[in-house]
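These notes are about the structure you will find just below.
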Amino acid sequence: MTTHPTGIPEKPSLDGIEARMMGHWDAEGVYRFDRTATRDAVFSIDTPPPTVSGSLHIGHVFSYTHTDTIARYQRMRGKAVFYPMGWDDNGLATERRVQNFFGVRCDPSLPFDPAFTPPAKADPKNQVPVSRPNFIGLCKQLVADDEVAFEELFRMLGLSVDWSYLYKTISDQCIRTSQQAFLGNLSRGEAYQHEAPTLWDVDFGTAVAQAELVDKEMSAAYHQVAFARTDGTGNIVIDTTRPELLASCCALVAHPDDPRFQPLFGTTVLTPLYGVEVPVLAHRLADPDKGTGVAMICTFGDLTDVIWWRELDLPTRALITRDGRFSQNEPEWIGSQAGLAAYAEIAGKSSKQAQKVVVEQLRAAGAMLGEPRPIQHPVKFYEKGDRPLEIVTSRQWYIRNGGRSAELRDVFLARGEQITWHPGHMHHRYSNWVEGLNGDWLISRQRYFGVPFPLWYPVDEHGEPDFDHPIAATVSRLPIDPSTDVPDGYSQVQRGQAGGFVGDPDVMDTWATSSLTPQIATHWVDDADLFGRVFPMDMRPQGHDIIRTWLFSTVVRAHYEHNALPWTDAALAGWILDPDRKKMSKSVGNVVTPMPLLQQYGSDAVRYWAASARPGIDTALDEGQMKIGRKLSLKILNASKFTLSFPTPAVGVGAGAGVTEALDQAMLARLALVVGDATAAFDGFDYARALERAEDFFWWFCDDYVELVKTRAYSGEGNPAAASALIALRVALDVMVRLFAPFLPFVTDEVWRWSQDGSVHGATWPTAAELTNMAGADANADALGPIGEVLAQVRRAKTEGKVSQRAVVEHVVITSSSDSCSAINSALHDIRDAGSIRAFEFVQSDADVVSCVVTLAEIDTAT
RNA sequence: GGGCGCAUAGCUCAGUUGGUUAGAGCACUGCCCUUACAAGGCAGGUGUCGGGGGUUCGAGUCCCUCUGCGCCCA
């Protein structure tokens with residue numbers, strides 16, 4: 001050991017510690033990934049790339065700290081830690097911000113304009129159309145500032161990221177990865193296109209995948225509508241919440257076992273207003289208890305309509321168009337002039353407007369019974385959308401994910417079994433989702449900004465695109481943008497011409513790119529050497545709310561591309577709740593920004609709060625915990641100052657060298673147990689338990705052990721008992737600082753540098769063996785219990801006597817078992833000095849409890 | 001309707017294969033300037049472990065059931 005006593009400040013302080021340590025870490029490259037390491041010596045982390053739109057909130061600090069503690073632990077265990085950061089600067093959030101900020105909108109049909117400058121003053125109502133490359137340029141410009149702020153925050157928080165491996169989802173590398181993976185899926189038949197009814201957000205103008213759906217309780221009303229039987233024997237009355245879709249009606253349906261309707265199956269009725277003849281059919285999904293027990297099937301009102309349409313082989317009578325309005329075209333299935341006239345009144349109207357009109361029309365025709373009855377029912381929304389989804393028929397790209405194949409579903413369920421989940425029960429969320437899939441993964445979006453499909457379509461002699469024969473880009477040309485790039489063998493002038501080509505206008509869903517973060521971070525497409533060293537990865541940290549999206553889709557892509565899991569372990573973080581235990585979200589307006597908290601309490605203190613939360617548990621924001629973290633950091637400073645202010649003891653080499661006192665040996669033995677527990681906890685990704693063990697020990701160490709050995713430690717050089725204390729103090733401090741290093745990287749490195757060269761974050765994780773060696777074979781951690789008990793009882797007597805803890809004790813009678821008595825006896829001098837005790841008396845008993853009768857010395861009142 | 005989780009002190013939470021008298025921090029109260037730390041230290045009270053039943057020598061812990069809350073899915 002070397003000593004730098006001059007490095008210890010007179011009054012240790014946490015002020016400015018973040019900037020000071022960050023300076024060291026940058027200069028020394030403490031967190032640089034060693035890319036000469038082979039796969040077995042690497043620990044690699046698939047960091048969630050935060051969405052760069054607006055600001056970070058305290059939830060980021062929370063979960064990223066959890067990951068960082070594990071990264072730091074693995075680094076100290078000798079692993080080359082591959083811990084990159086990514087920015088998710090692609091996607092809808094960025095697209096919307098750019099539109100509003102610059103007053104532009106993306107039009108992929110326009111050519112790139114190198115001289116383009118955005119309008120001086122943004123006019124959101126009069127957006128200037130720009131090409132996709134220009135639009136992407138503006139996106140990059142806008143997110144640049146945010147990314148600087150994000151990096152600053154994460155550095156301030158002390159994340160041990162190697163920033164030289166930073167990736168951005170908007171980058172060419174990401175686009176290439178995404179396109180190359182898609183082409184692989186296409187060539188192997190895992191991706192396919194299909195024309196089908198699709199859930200559609202009319203405001204965003206795009207199809208939406210199953211994983212992005214949310215149910216919202218909506219007010220609606222049942223309307224009773226009478227259909228006349230074609231045999232003239234009366235009416236069938238149905239209940240519907242969407243009477244405006246009557247023109248799309250292609251059948252009525254009731255449950256096959258419902259006796260009320262059994263005689264009617266196979267007969268036909270006429271739709272009111274339009275007079276279209278439709279059959280009455282049976283299907284098990286018709287609920288006899290809902291409304292009148294018979295429903296009308298429209299193409300398409302909801303997902304059940306789609307099932308009925310498919311399974312009952314009904315005609316398509318879709319009228320809602322992609323903008324959410326009723327088609328202007330006359331429906332060809334309406335034969336009568338009166339019917340067409342009725343429809344003309346809703347053509348071009350939105351669902352809501354049309355409903356009013358149709359209800360009036362039904363009333364006038366006498367086909368509506370009674371008044372609408374209000375109900376609450378769940379309605380499908382796009383998770384980012386504001387209006388209920390419609391269902392429209394369109395051509396889309398899909399990736400097979402088991403939603404249409406039990407065999408494939410089993411493959412992905414088996415993948416889920418192979419992942420180690422933290423906490424374990426999160427596995428159920430995955431299985432539950434995979435088992436409930438009801439369609440393949442829809443990856444195409446009718447948006448402008450995002451990763452374009454690397455595809456063109458030939459245009460036939462009539463000028464119609466031939467979607468069944470896509471022209472795929474060659475991999476060596478990636479990344480490409482089909483709206484500006486030209487397929488091999490064609491020229492730009494043939495774009496959109498008969499005999500020429502058109503680019504695929506769609507972009508991929510953001511999850512189609514996000515599902516490839518392991519491939520992106522490890523540079524699958526452009527650095528095979530790195531990829532071989534860090535893939536498959538070790539750890540995926542993420543929120544439990546996106547198991548069905550991010551986690552599952554990542555498993556799907558890695559399975560197809562590499563026939564492997566993307567990582568071995570998935571660590572699911574809980575949510576951050578506000579102090580009232582409500583989930584923090586932008587829409588609720590209870591989001592807390594982290595920087596002020598980092599500044600007020602210090603980064604270590606905020607990290608302490610985060611690391612105190614059990615893995616996967618939703619946790620309330622608690623500034624009280626941050627105060628405790630700050631207190632702990634200060635205590636580490638002061639305890640280190642105390643320990644290191646003694647002259648450096650001469651430490652012998654080998655077992656038991658220099659640690660001769662039983663109390664010191666027992667302390668080291670106890671610490672060895674703590675190290676064992678903390679190591680086991682970290683190996684199981686349970687950072688919180690590791691912290692708790694270290695912390696418990698540390699407070700006992702300060703409160704009891706240091707008080708016990710203080711006098712002996714001061715007793716001078718040349719005294720072997722004093723040297724024993726000094727060595728034990730040094731060794732314990734050294735180990736404790738390393739135990740705390742993953743949690744409190746700033747304060748631990750500060751005190752480490754007082755006595756050692758280099759950073760604690762480059763030091764090796766402590767082992768129980770190094771401590772048990774030093775403590776020797778006779779060390780007995782159990783002796784510490786009775787010793788602490790005596791100390792506590794002496795202190796209590798002084799407190800009750802309302803005297804200073806320095807007050808002298810005349811004598812103490814200790815009654816306990818012989819084991820306890822000998823334990824106490826082994827540290828008797830230390831107890832005597834710590835308690836200022838003049839005399840002891842021992843009484844042996846059978847009881848295992850230690851009881852002390854403390855007699856205080858007469859107080860000298862002559863002050 | 002199905003699945004998962006949670007329920008322990010006033011508050012926030014530990015309590016790992018069942019095992020002494022169920023713990024910590026915060027809050028509250030009192031004492032103490034003690035040469036690492038007053039942004040500190042020491043000491044103190046508080047529990048029908050959600051209800052009921054069962055297994056066991058022994059249950060906060062395992063099983064059943066009920067209640068309440070949260071999340072995911074249909």
Side-chain angles (χ1 to χ4, degrees), chain A residues 8-15 210-211 213-215 285 287 303-304 378 380 421 423-438 543-549 572 574-575 577 579 581-583 601-602 605 608-609 612-614 616-646 677 680-681 684 686 688-689 691-693 695-696 699-704 706-707 710-711 713-714 729 733 751 791-807 834-836 847-849:
Chain A
I8 305 174
E10 192 56 36
K11 179 94 180 160
S13 160
L14 296 171
D15 295 340
Q210 185 188 356
L213 302 183
V214 288
D215 279 352
L285 287 181
D287 185 350
L303 288 175
T304 315
K380 299 266 180 247
W421 299 83
H425 66 78
M426 292 295 179
H427 182 202
H428 296 291
R429 303 258 183 123
Y430 175 95
S431 304
N432 209 310
W433 174 253
V434 176
E435 283 160 6
L437 286 169
N438 58 28
H544 58 65
D545 50 333
I546 50 175
I547 290 174
R548 64 176 180 164
T549 49
L572 287 311
W575 282 333
L577 312 173
R581 302 202 64 78
K582 288 198 206 68
K583 189 193 173 187
Y601 297 103
Y608 172 88
W609 158 72
S612 304
R614 255 62 201 173
I617 303 293
D618 295 347
T619 304
L621 177 64
D622 184 359
E623 294 192 37
Q625 280 295 108
M626 297 179 193
K627 288 179 187 162
I628 299 163
R630 186 164 181 89
K631 213 171 108 172
L632 175 63
S633 302
L634 272 171
K635 193 83 173 173
I636 290 172
L637 279 183
N638 285 309
S640 301
K641 182 194 160 198
F642 168 76
T643 302
L644 296 171
S645 62
F646 288 105
D677 283 354
D686 191 350
R689 181 179 301 279
L691 172 59
E692 184 191 65
R693 289 301 142 103
E695 196 186 1
D696 273 357
W699 285 107
W700 168 81
F701 175 86
C702 290
D703 294 347
D704 282 12
V706 167
E707 292 305 320
K710 197 181 264 182
T711 307
Y714 278 123
L729 283 167
L733 179 74
V751 304
L791 194 62
Q793 293 194 31
V794 170
R795 283 169 171 164
R796 188 178 309 143
K798 292 181 180 179
T799 297
E800 283 165 3
K802 299 196 175 186
V803 296
S804 159
Q805 290 297 325
R806 284 170 78 194
S836 305
D848 213 33
V849 294

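Convention: sequence-line order gives letters A, B, ...; per-chain numbering from 1.
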Round to a whole Å and report the spacing from NZ of A:Lys635 to C1' of B:A39.
12 Å
Work out how far the C1' atom of B:G41 is from that of B:G47, and round it to whole angstrom.
28 Å
Atom CD1 of A:Ile547 and atom P of B:C4 are separated, to the nearest Å, by 14 Å
Per atom distances to the A:Arg429 side chain, the nearest of B:C4, B:C26, B:C71 is B:C71
What is the distance, rounded to the nearest whole Å, between atom CG of A:Asp618 and atom C1' of B:U12?
14 Å
When you get a sec, tell me which of B:C37, B:C73, B:C32 is the closest nucleotide to the side chain of A:Trp433?
B:C73
So, is A:Lys631 close to the B:C26 phosphate, meaning a side-chain N or O under 4.0 Å from OP1 or OP2?
yes
Sugar-phosphate, base or nothing in reach of A:Trp609, heavy atoms under 4.0 Å:
nothing
Using 0.5 Å steps for rounding, measure from the CD1 atom of A:Ile547 to the CZ atom of A:Arg429.
5.5 Å
For B:G25 versus B:G45, give the span between their P atoms, rounded off to a whole number of Å.
13 Å
Short side-chain N/O contact to B:U34 OP1/OP2 from A:Lys710, under 4.0 Å:
no
Between B:A39, B:U34, B:G41, which one does the side chain of A:Leu634 approach most closely?
B:A39
Which nucleotide in the set B:G44, B:C73, B:C4 lies at the smallest distance from any side-chain heavy atom of A:Arg796?
B:G44
Nearest nucleotide by nearest heavy atom, which residue falls closer to the 5' end of RNA chain B, A:Trp575 or A:Asp15?
A:Asp15
In terms of heavy-atom contacts, does NZ of A:Lys641 have more than 12 from other residues, nucleotides or ligands at under 6.0 Å?
yes
To the nearest Å, give me how far apart CG (A:Leu572) and P (B:G5) are.
14 Å
Could you measure between the two P atoms, the one in B:U65 and the one in B:A9, and give it in whole Å?
26 Å
Using only side-chain N and O atoms of A:Arg806, determine if any of them is under 4.0 Å from OP1 or OP2 of B:C32.
no
P gap between B:G58 and B:C26, integer Å:
39 Å
Atom-pair distance (CZ on A:Arg693; P on B:A24), nearest Å:
14 Å
Nearest to side-chain heavy atoms of A:Gln805, which nucleotide of B:C73, B:U34, B:A43:
B:U34
Can you tell me the base-pairing partner of B:U16? Count Watson-Crick or G-U wobble geometry only, both distances below 3.5 Å, and say none if there is no partner.
none
Roughly how far, to the nearest 0.5 Å, is CD1 of A:Ile628 from OG of A:Ser612?
7.5 Å
Base partner of B:U61, which must satisfy Watson-Crick or wobble distances under 3.5 Å:
none
Taking the minimum atom-to-atom distance to the side chain of A:Asp703, which one of B:G30, B:C37, B:G41 wins?
B:G41
Minimum-distance nucleotide to A:Glu707 side chain [options: B:G44, B:C37, B:A14]:
B:C37
Looking only at atom types and distance, does a side-chain atom of A:Lys798 sit under 3.5 Å from a main-chain N or O of A:Gly835, one as donor and one as acceptor?
yes
How many angstroms lie between atom CG of A:Asp618 and atom CH2 of A:Trp575, to the nearest 0.5 angstrom?
6.5 Å
Using Watson-Crick or G-U wobble geometry with both distances under 3.5 Å, which nucleotide pairs with B:G45?
none
Tell me the interatomic distance from A:Asp696, atom CG, to B:C13, atom P, rounded to whole angstroms.
18 Å
Without swapping roles, check the side chain of A:Lys380 against the backbone of A:Leu213 for a donor-acceptor pair under 3.5 Å.
no
Output yes when a side-chain donor or acceptor of A:Ser431 lies under 3.5 Å from a complementary backbone atom of A:His428, and no otherwise.
no
Go ahead and name the base partner of B:U35; Watson-Crick or wobble counts if both distances stay under 3.5 Å, otherwise write none.
none
Separation between the P atoms of B:C28 and B:U20, rounded to whole Å
33 Å
So what does A:Lys11 hit on the nucleic acid, given a heavy-atom distance under 4.0 Å: a base, only sugar-phosphate, or nothing?
sugar-phosphate
A:Asp622, nearest nucleotide to its side chain (from B:C73, B:C42, B:U12):
B:U12
Write down the distance separating the P atoms in B:C11 and B:G2, rounded off to the nearest Å.
33 Å
Where does the angle between the aromatic ring planes of A:Trp421 and A:His427 fall among parallel (under 30°), tilted (30 to 60°) and perpendicular (over 60°)?
parallel
Donor-acceptor contact below 3.5 Å, side chain A:Arg630 vs main chain A:Ala605:
no
Of A:Cys702 and A:Asn432, the one whose closest RNA chain B nucleotide lies more 5'
A:Asn432
Any A:Lys798 side-chain N or O less than 4.0 Å from OP1/OP2 of B:G41
no
Using atom C1' in both nucleotides, what's the gap between B:C31 and B:C69 to the nearest angstrom?
43 Å
Hey, does the side chain of A:Arg630 come within less than 4.0 Å of B:A39's phosphate (OP1/OP2), counting only N and O?
no
Rounded to the Å, how far apart are A:Lys802 NZ and B:C33 P?
14 Å
With the side chain defined as heavy atoms from C-beta on, A:Arg689 is closest, among B:G15, B:A14, B:C37, to B:G15
Figure out the CG/C1' separation between A:Leu691 and B:A14, and round it to whole Å.
12 Å
With both distances under 3.5 angstrom, what nucleotide forms a Watson-Crick or G-U wobble pair with B:G5?
B:C69
C1'-based separation of B:G15 from B:U8 [nearest Å]
9 Å
Among B:A38, B:G30, B:G41, which nucleotide sits nearest the side chain of A:Thr799?
B:G30
Tell me which nucleotide, if any, is Watson-Crick or G-U wobble paired with B:A22 when both distances must be under 3.5 Å.
none
